[in-house]
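Heads up: the structure comes next, in structure tokens.
The chains referred to below are lettered A, B, ... by the order of the sequence lines, with proteins before strands, and numbering in each begins at 1.
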Protein chains: 2
Amino acid sequence: MAVRAGLTTTKVVDAALELVDEQGVEALTLAAVAARTGVATPSLYKHVASLGDLRDLVGLRVLEDLTARCTETVVGRSGDEAVRALMHAFRAYVQEHPKRYAAAPMDPLHDELQRAAGLKFMELVLATLRSYGLEGSDAVHATRRLRVIVHGFASIEASGGFGLPEGLDDTYDQLVRMYLDDLRGKS
Amino acid sequence: MAVRAGLTTTKVVDAALELVDEQGVEALTLAAVAARTGVATPSLYKHVASLGDLRDLVGLRVLEDLTARCTETVVGRSGDEAVRALMHAFRAYVQEHPKRYAAAPMDPLHDELQRAAGLKFMELVLATLRSYGLEGSDAVHATRRLRVIVHGFASIEASGGFGLPEGLDDTYDQLVRMYLDDLRGKS
DNA sequence: CCCAAAAGCTAATGGCATTAGCCTTCCCAC
DNA sequence: GTGGGAAGGCTAATGCCATTAGCTTTTGGG
């Protein structure tokens with residue numbers, strides 16, 4: 001031990017995310033992260049509480065990253081254009097990091113650690129829908145419908161679940177249009 | 001060993017599915033299945049090739065079961081009513097076995113073992129959509145859109161991903177209506 | 001310059017999957 | 001009926017991984 005490795009929780013999560021991107025969530029193991037960061041496995045416990053904790057931290061990171069990406073894309077736009085931008089940014093992020101998406105938490109609101117990030121994404125969607133003047137539960141339903149579409153498509157695409165890759169862009173465009181037509185039709 | 005346990009691959013999968021229903025996919029372990037079937041762990045290898053193989057078999061079972069359930073519900077109906085029935089049957093199945101759905105394969109067409117079952121489900125959807133007279137790729141896109149909606153909603157609901165459970169029936173009804181409106185609008 | 005907290009390490013434990021090799025049950029051909 | 005081989009089970013052994021305990025070393029602030 002001439003010198004310390006200088007790990008931090010952030011660096012551990014960085015390495016974990018690299019691993020996930022390269023080999024998928026099932027390859028996320030403390031032993032692999034330790035090897036990648038040049039440290040013995042038990043040393044990681046100085047930075048994360050357990051493998052489960054690391055998984056949560058990776059999930060949080062992905063959710064925050066995705067939200068940031070979507071936010072960037074939406075700002076400065078409104079109405080249909082904003083919704084389209086949000087939905088396409090979501091898909092683009094997942095396309096760029098297909099393995100990663102499986103690490104994103106599906107129920108962030110029920111996890112103390114991830115709740116804030118989950119609310120942030122939800123508020124982004126609500127803000128994006130603001131100009132449609134939805135009242136009360138209508139806004140909730142519209143948010144859920146959007147989430148169902150983006151998550152449904154992204155999760156299937158990321159796992160290679162569509163039989164043929166042909167025409168996937170068209171399919172997604174149709175879903176976006178369908179969502180918008182519906183939104184306009186019932187406003 | 002007075003008498004044999006009389007296991008078969010089917011019984012092993014039955015036990016595995018029970019385990020998944022009760023404790024979730026992450027609890028599916030050869031050790032747990034062995035305990036439940038009253039056998040030593042290595043004995044399971046006489047019936048399944050590996051844990052991965054068992055997971056595939058469980059996934060196959062779920063897909064077949066789900067397809068059977070949807071098929072029963074759709075027969076005898078046509079048009080919008082058939083589509084509504086299919087989508088609601090899918091959701092109902094997943095609601096009845098929430099943990100199980102996480103074991104269903106997302107890309108059945110790319111697995112030799114599961115391919116036939118995947119095609120069967122796809123053909124059910126195509127048959128259900130037949131009366132809309134979709135040609136060529138339009139039928140493919142319509143199938144994908146339906147899948148995105150049912151899978152997206154079911155996976156989020158099954159994992160408790162919707163913050164509040166209130167009004168979920170309404171949200172789903174809206175999604176079904178949105179899908180049908182879109183289908184009619186572009187026929 | 002000292003010393004306590006932080007960051008690493010090694011050793012040990014226990015769960016799980018998997019393989020090898022052995023024993024017993026069953027059933028079918030004779 | 002019966003004998004023998006295949007099928008179904010078992011124990012023992014290996015190896016990977018997570019986790020805990022307890023020790024050593026580095027480091028940064030007083």
Side-chain angles (χ1 to χ4, degrees), chain A residues 1-61 99-100 102-103 105 111-114, chain B residues 1-61 99-100 102-103 105 111-114:
Chain A
M1 272 300 91
V3 74
R4 285 195 190 170
L7 277 193
T8 62
T9 300
T10 300
K11 286 182 184 171
V12 172
V13 175
D14 289 346
L17 199 52
E18 275 183 34
L19 195 65
V20 168
D21 280 338
E22 290 170 18
Q23 310 183 37
V25 271
E26 57 299 326
L28 177 52
T29 200
L30 288 182
V33 171
R36 183 174 290 253
T37 53
V39 117
T41 305
S43 303
L44 293 177
Y45 286 86
K46 293 287 156 116
H47 307 285
V48 298
S50 66
L51 175 60
D53 182 42
L54 178 56
R55 287 203 190 104
D56 289 346
L57 289 169
V58 169
L60 173 61
R61 173 77 70 85
K99 309 263 182 77
R100 203 175 180 115
D111 182 295
E112 189 55 46
L113 182 71
Q114 300 167 333
Chain B
M1 272 303 89
V3 73
R4 285 192 189 174
L7 277 192
T8 63
T9 300
T10 301
K11 287 182 184 172
V12 172
V13 175
D14 289 346
L17 199 50
E18 275 182 34
L19 196 65
V20 168
D21 280 338
E22 291 170 17
Q23 307 182 40
V25 271
E26 57 298 326
L28 178 51
T29 202
L30 288 182
V33 171
R36 183 173 289 253
T37 52
V39 116
T41 306
S43 304
L44 293 176
Y45 286 85
K46 293 289 157 108
H47 307 285
V48 299
S50 66
L51 175 60
D53 183 42
L54 178 56
R55 287 203 190 104
D56 288 346
L57 289 168
V58 169
L60 173 62
R61 174 79 70 85
K99 310 264 182 75
R100 203 178 183 111
D111 182 296
E112 189 55 46
L113 181 72
Q114 301 168 333

Testing Arg100(A), Arg36(A), Lys99(A) for salt bridge (charged side-chain N to carboxylate O under 4.0 Å, His left out) with Glu22(A), which one passes?
Arg36(A)
If you compare every side-chain N and O of [X] against the phosphate oxygens of [N] (OP1, OP2), does one of them come in below 4.0 Å?
X: Thr41(B); N: dA17(C); result: no
X: Ser43(A); N: dC9(C); result: yes
X: Tyr45(B); N: dT18(C); result: yes
X: Thr29(A); N: dA18(D); result: yes
X: His47(B); N: dG9(D); result: yes

Considering every strand and a 4.0 Å limit on heavy-atom distances, what is the contact class for Ala31(B): base, sugar-phosphate, or nothing?
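Here Ala31(B) touches the backbone only, sparing every base.
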For atom [atom1] of [X] and atom [atom2] of [N], their distance in whole Å:
X: Leu30(B); N: dC10(D); atom1: CG; atom2: P; value: 14 Å
X: Leu54(A); N: dT19(D); atom1: CG; atom2: P; value: 10 Å
X: Leu28(A); N: dC16(D); atom1: CG; atom2: P; value: 19 Å
X: Leu44(A); N: dT10(C); atom1: CG; atom2: P; value: 13 Å
X: Leu51(B); N: dC16(D); atom1: CG; atom2: C1'; value: 14 Å

Taking only the side-chain heavy atoms of Arg4(B) (C-beta and beyond), determine which of dT24(C), dT25(D), dA18(D) contains the nearest atom.
dT24(C)
Which of the following nucleotides, dA17(C), dG8(D), dG8(C), is nearest to the side chain of Lys46(A)?
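Closest of the options to the side chain of Lys46(A): dG8(C).
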Answer whether the closest heavy-atom distance between the side chains of Asp14(A) and Arg61(A) falls below 4.5 Å.
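Contact flag for Asp14(A)/Arg61(A) side chains = yes.
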So, do Leu44(B) and Leu54(B) sit near enough that their side-chain heavy atoms are less than 4.5 Å apart?
no
Can you measure from CG (Asp53(A)) to CG (Leu113(A)) and round to the nearest 0.5 angstrom?
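Here the rounded value is 7.0 Å.
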